[in-house]
Structure formats: structure tokens, C-alpha cells
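One structure below.
Quick note on labels: first sequence line is chain A, next is B, and so on, each numbered from 1.
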Number of protein chains: 2
Amino acid sequence: MSERASYFLKALIERYIRDGQPVGSRTLAKDTGLDLSPATVRNVMADLEDMGLVTSPHTSSGRVPTVSGYRLFVDSLLTVQPLAEQDINACQTELAAAADVTTLVDTASRLLSSITHLTGMVMVPRCERDVFHQIEFVPLSGTRLLVILVTGAGEVHNRIVYTDHTYTPAQLVQAGNMLTAMFSGQDLHTVRQQLLDDLEQTHQHVDQLMRQVLQLAQQVLVTAEPKDHLLVSGQTNLMEFDELANIERLKALFAAFTEKHQLLDLLDRCIAAEGVQIFIGDESGYALLDDCSLVTATYRVRGQVLGVLGVIGPTRMNYQRVIPVVDVTARLLAAAFGQQSSCSIV
Amino acid sequence: MSERASYFLKALIERYIRDGQPVGSRTLAKDTGLDLSPATVRNVMADLEDMGLVTSPHTSSGRVPTVSGYRLFVDSLLTVQPLAEQDINACQTELAAAADVTTLVDTASRLLSSITHLTGMVMVPRCERDVFHQIEFVPLSGTRLLVILVTGAGEVHNRIVYTDHTYTPAQLVQAGNMLTAMFSGQDLHTVRQQLLDDLEQTHQHVDQLMRQVLQLAQQVLVTAEPKDHLLVSGQTNLMEFDELANIERLKALFAAFTEKHQLLDLLDRCIAAEGVQIFIGDESGYALLDDCSLVTATYRVRGQVLGVLGVIGPTRMNYQRVIPVVDVTARLLAAAFGQQSSCSIV
DNA sequence: GGTTAGCACTCTTATTGTGGGAGTGCTAAA
DNA sequence: TTTAGCACTCCCACAATAAGAGTGCTAACC
């Protein structure tokens, strides 16, 4: 593929991203600044079309990038402009203001959507949510108990359970202390497994209280896991784009935003990737996102991946701007978590 | 207003609600079953138009109800059909499965939206969230403390705070116990006020620890109040309706659903009303809801209003069905809270 | 007096036709 | 290799037309 052809492709895509109209030969000829006639440009465009990089909606319109065209663009043509220093600082202070994990993740998500004018998504960090820290039992009235489970850097899960007996406050405190001592710092999954094993083994030779308590702990652990692990914000931003302004499509998209598990699956697939990853149009594999692109990045502390964040928008999004934003946000979020966990409980 | 005229109005509105098209004289003549000619019906419709109860979008279409028309309809013409026994039971079991306040409210909201195919909203109950039950301080690493505040029937608010000193676990437990003993069962607002007073008074003659602890408690109380007090679900249902299928309008609506405070204001105004209350079109006062209606009901336990719930949908909604659904859901939710709080901590 | 048939009228909606504009592909010449 | 020229295609906006739905009004009917 010729030098010039790719230059034209770049110009065409940039133009198309700017104003959303198919780009004709005359316009493109002016845009490149090469002082070539439209006819020449037409020849090049015909070549690009043969290569499957652009296409025309109908015989006499301009050209529009195809998925392969965008792919080539983001892989090798694109010149990312780094974020302005002040923007970075603004993000940093916003993130610094967030006290606990959830608000931190929420802030990051809102930053993503407000800066890019697209929809932002942030996964709640894995390790934060997966480490057992402390458990407590608070007596409510009757046979009801409030079980409070503290994980990671201060996430609190709570659940009301119903018991067979009533316990004295002292018994409950003791039980909490014991479990905390046994499991603190361990992986939630391990803890669950071990609880199950213990329930098996302690069949006879441990007192009834212990058995009950293990069962209660088991109950709250179950609910602690499948919580809302994805924060989405700025959904309404997608309504601005003409290419998505179709009630059917929007309805499907919004349903996915409330359902979330499809998005989580998708993000999960990015977890192995280094740095920023991009899905263009149907590359995601979800028909739902055929007219959308997804830009994601993992955020990691000391080499360990905590989670994934990203934005979702129309394929015709400003990649040059979105990519650095996602990249920087991931780094800043990682840094924020790094500070938290450098003095963490684990 | 004649007997017959109101009968025609009722028929017209029911027809319009059914298929969303302006109703013409011929159609209405058939619908009523009175064996009258279209010409006669036209005379009646002209009267209804003079009274401002119906209007025609243009000279030669059928008639469409106005806000006043709907108002008359819901106030005196409407025949509500009670909910099927089995539907009620289904709701009841769903609600019974919810353990804590948040899931209860969330379930109610989802029930509303799934049964009516509209958007459901439920306010988190006031008293549940406003009563101080227990406070605990969990040491994290460094100078960070996790403050856990339990309110009402088991809502848990938590926040990480930074302290000047490090405290021993024993001190923290003691502090928690003391505060719990002091304030348990009291109104959050009162507690806050009292904390402030105490901070003033204990200026000299109480030890430093106490002072610090009061400040920490103050911090978590502040965040406990302005939390998410409204659960909305089924937003996407509104996309089904032709009369709302307009990107601009939907965008504004969805923005309100994420913002929530406008809706909360509106619901707050219903809190004084007995039973089911209805806002039709511009009656709500929000231009945003000009093409929508809102059906709300308060839910109360032993005479005391806990909160408000309701649905939002196009003015052309099936009031005959929606009204009993909202009514019943409110009662069932109240009952669910009644069971909880009959053995409650307060 | 309420009810009805008849009729002219209005307005919407769908269809068709028309012309202009934008852009293309191809060919032949520079 | 580049360019000008030209015929061609397709979209789009606009007008014209016809059909259909429904109205208001009048005059006659029971």
C-alpha cells in the first residue's frame, strides 16, 4: 500500500470523524493540501475501496471508512495528541477527593464520560473486592442478625439473615472475632471453600454455635460476590450521535447498560491485554455494538491487574482524543488505588 | 354536563388509550354500542370540544383527550378493575424474598415497571433511613478508620475517615459502644444536632478521644444523609411509546432519571396526600413531563408515611390498570415493612 | 328537540414526477 | 502519472396529485 494512499486514508477518516458526512473527492483534495485534482483523488479512493478500507453508501456519495479502514487508522496512522497538563491535574484532584473504592470507581467513570462525551465504564477492582478483611454480627430484633463483611480496602457488604436461635451479644462478638482471626487477608473464594470444608469436618466435634456461625458467614459471602461490578455513566451522551439516533438501537444499548453482564464479559476479555485495547464495530462480536467502538485499558498496581475501564461510543469517535483519555484515566485510577493500598490492610 | 356526553368521553378515552390514534365519529359510534349515527356523535364531540375535554390535532382528524379530559376521566369516569389474585400473590412472594431495605425497595420498583411496562420509582423509606441504630469503628491501616453506621432496620452506611492519631482497637470498640448507647433509636437529624452541641460544650472537660470520636461520627453522618433515596427501573420501557419516541425528549427524561432530584421533589409533594395521586401532563409543573403522567401512592406503616412510590409513563397510559397496580404495590410494600419493623430494633 | 342524511370542505398521507446537486467512473489527452 | 471532460447514477427537496378520513353545517325527519 502506497505512502500516499495511507495519507489519503488518514485525511479521509479524520475528516469523516469531524463532520460525519461521506467525504467526496473534491473535499478530500482540498483537505490534503497537496494541490491535486479531484480526479486524481478519485483514483486513489477507488484503490482504497478495492482494498476494502472505505466504501460508499451509494454510487454518488463520498466515501466512508470501513471497519478495516478504522483498524488500519488506529493501528498505524493515528497521531495521538497527549492530554493537556491541566486536564490531567483536574482528573487527579477529582480522584483524590474520593474516599472509598466505590466512589473512586464512580468518579473515574464520570470523568471518562464527561471528558469524552461518550459512555464511561469502570470495573470494580478485582482484588479489592475479593479479600476478606473482617466480619461482624449485629443483633437485630427477634431472630434476625445483621452480618457485616468488610473486604479489601473498606468495601462493606451487609445482609440480614434469620437464625434458629437467639444469641447473646457476647457470643456474636466472639464469633465475629474468631472468624476474622481465621480468615483475615485471605481470598474470598478460598474462604468460602474453606467454610464449606469446615462445615463438613466439624460435623460432630465442634459446638453448635460454631456450626451456625459458619453457615451465617457462608450466607453473606454468597451475596457479597455477584454484586454490581461495573459502573456505567453518561449513557445519555450516546443519544447525541446521529448514527445511533434510532430508538430500537438505543433501547437495546440501554438495556445492555442496565443488564451489564454482556459488557462485563466483553471487558473481561480485555483483562489480559497490555495497555489500551480497541474494538471497532463488529470486532466486539456483539451485534448490539456493530455501530459502536469500545476503547479500554487495564489499570494495575505493581504489575497486578486490578480491573478494566473504558468508553463506548459510535465507531465514528475521535480516537485521537479518546485513546489518551482512557489511557491516562487508567493510570490515574491505578495511582489512586496504589496510594490506598500502599497503606492497605492486606 | 349530560350523562351521555360523559359516557362518550369515557368511550373515547378508553379507545384512544387502546390504540393511540385520534378517535373519529364513526369509530366512536360503533364503540359505544348505542346505535347512533356518526353525525349525532359529531354533535356530542363538538360539545366536548367546547368544554375543553377533547381536541383535534387538525381539522380533519379524530379527537384526542386533553389534560382536563383525562382529569375528568380519572376522577369520576374510570372503572378500576382490581388486580388478579394470583398477580398479587406473585408480588407478595417477590417482596417477601427481599432481605434488607434496599433490595425490598429495588424489588418493588422492578415489580412496578415490569407489571405496568412503564418506569417504576420507589423512594427509600424516610424513617428507616433516619434512625440511628449503631456505630462502629474498624481500624484499617495507618491512620485510616472505617466508620460503619447502621440505621433503621439494617441499612449500613460506611465511610473511610482519616484521623490524626492511631487508636487501639479497645479504644475504638469503647468509643463505638458509647456512642451507640447514647444515640441508639434517635432520629439522625437530632443525633447530628446533638453531636454538634456536644462538640461545643465538651470543649475542655472531656478527654481528647471523645472529641475526636464525635468528629468522626459527625463525618459519617453527613454522608449518610444525601444518599440515593430513589430507585428507578424500567426506564427503557418509555422508548416503546410513539408519543415519546423523540430523541430530544428521551434524552431529557433519561437525564432526569439519573439526576433524580427533580423526581424526588415531585414525589415529596405527594407525601401529604392520601392514597393514590395522579399528575396528568403539565399538572406536574415540569415541562419535561408534559407528555407524561405520574401515578403515585404513599406507603405507610401504622399511620406513619414511610415514603412514596409510583410509575411514570405517557399521558396515554392505561390508568385503569396502572392505578390499582400502584395502589396494591404500595400496600404490599407497606406490609413488608410492617413485618420488618413489627419486630424492629427501634 | 333530538337525530340523521347529505354535502362541501379541510387536512393528512402516500405516490409520483421533476430538477438540481453532488459525486462517481471512464476515457483520452497533456 | 495527472488531469480535464463527460456521461451517468443516485439522493434529495419540492411540487402536484389523488385518495381517504373526518369534520361542520344545513335541512329534513320522527
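- Along DNA chain D, the nucleotide closest to Ala46(B) and the one closest to His58(A) are compared, and the more 5′ of them pairs with His58(A).
- Put simply, the residue from Ile115(A), Val80(A), Thr116(A) that forms a side chain to side chain contact (heavy atoms under 4.5 Å, CB included) with Arg321(A) is Ile115(A).
- Nucleotide dG23(C) holds its C1' atom 16 Å from the CG atom of Leu48(A), rounded to whole Å.
- With rounding to whole Å, Asp47(A) atom CG is found 13 Å from dT1(D) atom C1'.
- In this structure, Arg63(B) atom CZ and dT23(D) atom C1' are separated by 7 Å, rounded to whole Å.
- One interatomic measurement links the two molecules: CD of Glu49(B) to P of dT23(D), which rounds to 10 Å at whole-angstrom precision.
- Counting heavy atoms of neighbouring residues, nucleotides and ligands inside a 6.0 Å radius, atom NZ of Lys30(B) does not exceed 12 of them.
- The distance between atom CG of Asn43(B) and atom P of dG2(C), rounded to the nearest whole Å, is 10 Å.
- For CG of Asp35(B), the number of neighbouring non-hydrogen atoms (other residues, nucleotides, ligands) closer than 6.0 Å is 12 at most.
- Residue Arg42(A) contributes atom CZ, which lies 11 Å from atom P of dA4(D) at whole-angstrom precision.
- Regarding Arg26(B), its CZ atom lies at a distance of 13 Å from the C1' atom of dG6(C), rounded to whole Å.
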Original post:
How is the base pairing of DNA chain D summarised as a dot-bracket string, given the Watson-Crick and G-U wobble criteria with both distances under 3.5 Å, [ ] for crossing and | for another strand?
Top reply: ||||||||||||||||||||||||||||||
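- Met45(B) places its CE atom 16 Å from the P atom of dT3(C), with the value rounded to the nearest Å.
- Within a 6.0 Å radius of CD in Gln81(A), other residues, nucleotides and ligands contribute more than 12 heavy atoms.
- Within a 6.0 Å radius of CD in Gln86(B), other residues, nucleotides and ligands contribute 12 heavy atoms or fewer.
- Only at 4.0 angstrom or more do the heavy atoms of residues 27-39 of chain B sit from any atom of DNA chain D, so none qualifies.
- A 6.0 Å sphere centred on CZ of Arg71(A) holds more than 12 heavy atoms belonging to other residues, nucleotides or ligands.
- With hydrogens and angles ignored, no donor-acceptor pair closer than 3.5 Å exists between the side chain of Thr40(B) and the base of dT3(C).
- Ion pairing between Arg18(A) and Glu14(A) fails under the 4.0 Å rule for side-chain N and carboxylate O.
- Residue Thr59(A) has no polar side-chain atom (N or O) positioned under 4.0 Å from OP1 or OP2 of dG23(C).
- The two residues Ser284(A) and Leu289(A) come nearest to each other via the heavy atoms OG-CB, 3.6 Å.
- Side chain to side chain, Tyr7(B) and Ser2(B) fail the donor-acceptor criterion of an N or O pair below 3.5 Å.
- Between Ser56(A) and the phosphate of dT24(C), there is no side-chain N or O to OP1/OP2 separation shorter than 4.0 Å.
- Side-chain N/O atoms of Ser60(A) and base N/O atoms of dC10(D) include a donor-acceptor pair closer than 3.5 Å.
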